[in-house]
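What follows is a set of notes on a single structure, which appears directly below.
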Amino acid sequence: LLQANPLLEALGNARTLRNDNSSRFGKFVQAHFSRHGAIVGGAVRTYLLEKSRGVAQGAGERNYHIFYALLGGVGKAERERLQLLPSAKYGCLQHGTTADPTPLAPTLQALACVGVGPAHAAQLLRLLAALLHLSNITFTPRADVAEGSHVADGSGTAALGRACHLLRCAPAAMAAALTSRALEAAGEKITVGLTPAAAAQARDAISRAIYSRVFNHVVRCVNRSLGDSHGRRLRDSPSRMGRGDMTARTMEADEEEAAAAAAEAAEAEAEAEGVAAGADAEAEALARLAAEASAGSDYWSDAPVDMMPSP
């Protein structure tokens, strides 16, 4: 329960003009107690994550701590594997540097504490590194289409290759998803090109959606590790101790509740097995995100999250 706090701070806190460790999301923590007053479990509820900070920040402010920890805390081999660049070269890190980086080791220790193994943690870092590269994809107008664009040659193409390598999707599919949208009318599908500005908005929408899913996935990992150690469901007590802090709960264990808890555990296990998506499914999801974003919908940014990074 204590280790969940620095972990969520790394992913959900950032430096602002007034606070070097400002929480950019809402949090409600519940602690589950036994009849004898011992903590037997807990839960964390989060809401209103500031997703826009992941792609742009105000003057004098920084992105989320985890990005600076990633750039300043990984070893040489990991840096080469993730193809990381200096922080000044990333579009989503407009004002921050790694001069005073957030340490990465405490975050990795907290991940291990909540049951995220080294391989799983490496996948999360891979997705975060992909978001850094995604922010460097730029677009230029197409000469043959009035309202069309393509990924800019040079640095834009290189950033696209790095991002797609880490996201396990084809660069051509990603480029098409970012620079066009599909319309369906009267049973016909029409592909419409996007202007460079609209393509940049689609790119940012994908970044926001992926980061939101990573954040919520970590919260889910935290809650699974904080589950009732007795394997029983908990009922709310009539009294509460505070809105944003802790809720006292009493244990009422019987056979019916134990059976319900076992059913939930089986459902969670089946869900965990089903969320491991392959590269093709991940590329299709990214294309769907871009299509929704370019159509002006923010549905995918707010969709429920259960994303296990692909192997």
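Side-chain atoms are counted along with the backbone in the values below, which use heavy atoms only and exclude waters and symmetry mates.
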So, taking the atom named [atom1] in [X] and the one named [atom2] in [Y], what distance separates them when rounded to the nearest 0.5 Å?
X	Y	atom1	atom2	result
His165	Arg81	NE2	CZ	8.0 Å
Leu194	His150	CG	NE2	13.5 Å
Cys221	Asn216	SG	CG	11.0 Å
Asn63	Leu131	CG	CG	9.5 Å
Glu61	Arg18	CD	CZ	10.0 Å
Leu127	Leu132	CG	CG	11.5 Å

List the steps and the verdict of side-chain contact (heavy atoms from CB on, under 4.5 Å) for Asn19 and Asn13.
CA-CA 10 Å; Asn19 190 341; Asn13 285 26; over 6 Å; no

Quick check against the 3.5 Å criterion: does [X] have a side-chain atom that pairs as donor or acceptor with the backbone of [Y]?
X	Y	value
His133	Gln83	yes
Asp20	Arg15	no
Gln57	Cys92	yes
Ser225	Cys113	no
Ser180	Ala176	yes
Asn136	Ser155	no

Which residue, Val151, Leu160, Ile137, Thr179, forms the side chain to side chain contact (heavy atoms under 4.5 Å, CB included) with Arg203?
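When side chain to side chain contact (heavy atoms under 4.5 Å, CB included) is applied between Arg203 and each of Val151, Leu160, Ile137, Thr179, only Ile137 qualifies.
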
Counting only heavy atoms not in Leu17 (residues, nucleotides, ligands), do more than 12 fall under 6.0 Å from its CG?
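Count over threshold, so yes.
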
Check this for me: Glu188, atom CD, are more than 12 non-hydrogen atoms of other residues, nucleotides or ligands nearer than 6.0 Å?
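Open.
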
Between [X] and [Y], what is the shortest heavy-atom contact and its length?
X	Y	result
Arg62	Tyr68	CB-OH, 3.3 Å
Met174	Cys164	CB-SG, 3.5 Å
Leu70	Ala129	CD2-N, 3.8 Å
Val44	Val219	O-CG1, 3.9 Å
Gly148	Pro196	O-CD, 4.2 Å
Ala199	Ser149	CB-OG, 3.8 Å

Would you say Phe139 ends up clustered with Val55 if hydrophobic residues are merged whenever their side chains have heavy atoms under 4.5 Å apart, either directly or through other cluster members?
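As far as the 4.5 Å side-chain criterion goes, Phe139 and Val55 are not connected within one cluster.
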
Thr195 vs Gln201, test: side-chain contact (heavy atoms from CB on, under 4.5 Å). Steps then yes/no.
CA-CA 10 Å; Thr195 64; Gln201 291 176 357; over 6 Å; no

Report yes if some heavy atom in the side chain of [X] is under 4.5 Å from a heavy atom in the side chain of [Y]; otherwise report no.
X	Y	value
Arg24	Thr16	yes
Leu71	Leu85	no
Ile206	Leu178	yes
His32	Gln30	yes

Indicate the ring-plane relationship of Phe215 and Phe25, choosing parallel, tilted or perpendicular according to the 30° and 60° boundaries.
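Judged by the thresholds at 30° and 60°, the geometry between Phe215 and Phe25 is perpendicular.
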
Walk me through whether Leu128 and Leu82 qualify under side-chain contact (heavy atoms from CB on, under 4.5 Å).
CA-CA 10 Å; Leu128 294 172; Leu82 299 177; over 6 Å; no

Ionic contact status for Glu147 with Arg142, cut-off 4.0 Å
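No, this pair does not count.
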
List in chain and number order the residues that pass side chain to side chain donor-acceptor pair (under 3.5 Å) with Thr138, two or more places apart in sequence or in another chain; answer none if no residue qualifies.
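Thr138 satisfies side chain to side chain donor-acceptor pair (under 3.5 Å) with no other residue.
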
Please lay out, stage by stage, how Tyr211 and Tyr64 fare under the test ring pair (Phe, Tyr, Trp, His ring centres under 6.0 Å).
CA-CA 10 Å; Tyr211 191 78; Tyr64 290 109; 5.2 Å; yes

Carefully, step by step, assess His65 and Asn21 under the rule side-chain contact (heavy atoms from CB on, under 4.5 Å).
CA-CA 9 Å; His65 294 326; Asn21 191 33; 2.9 Å; yes

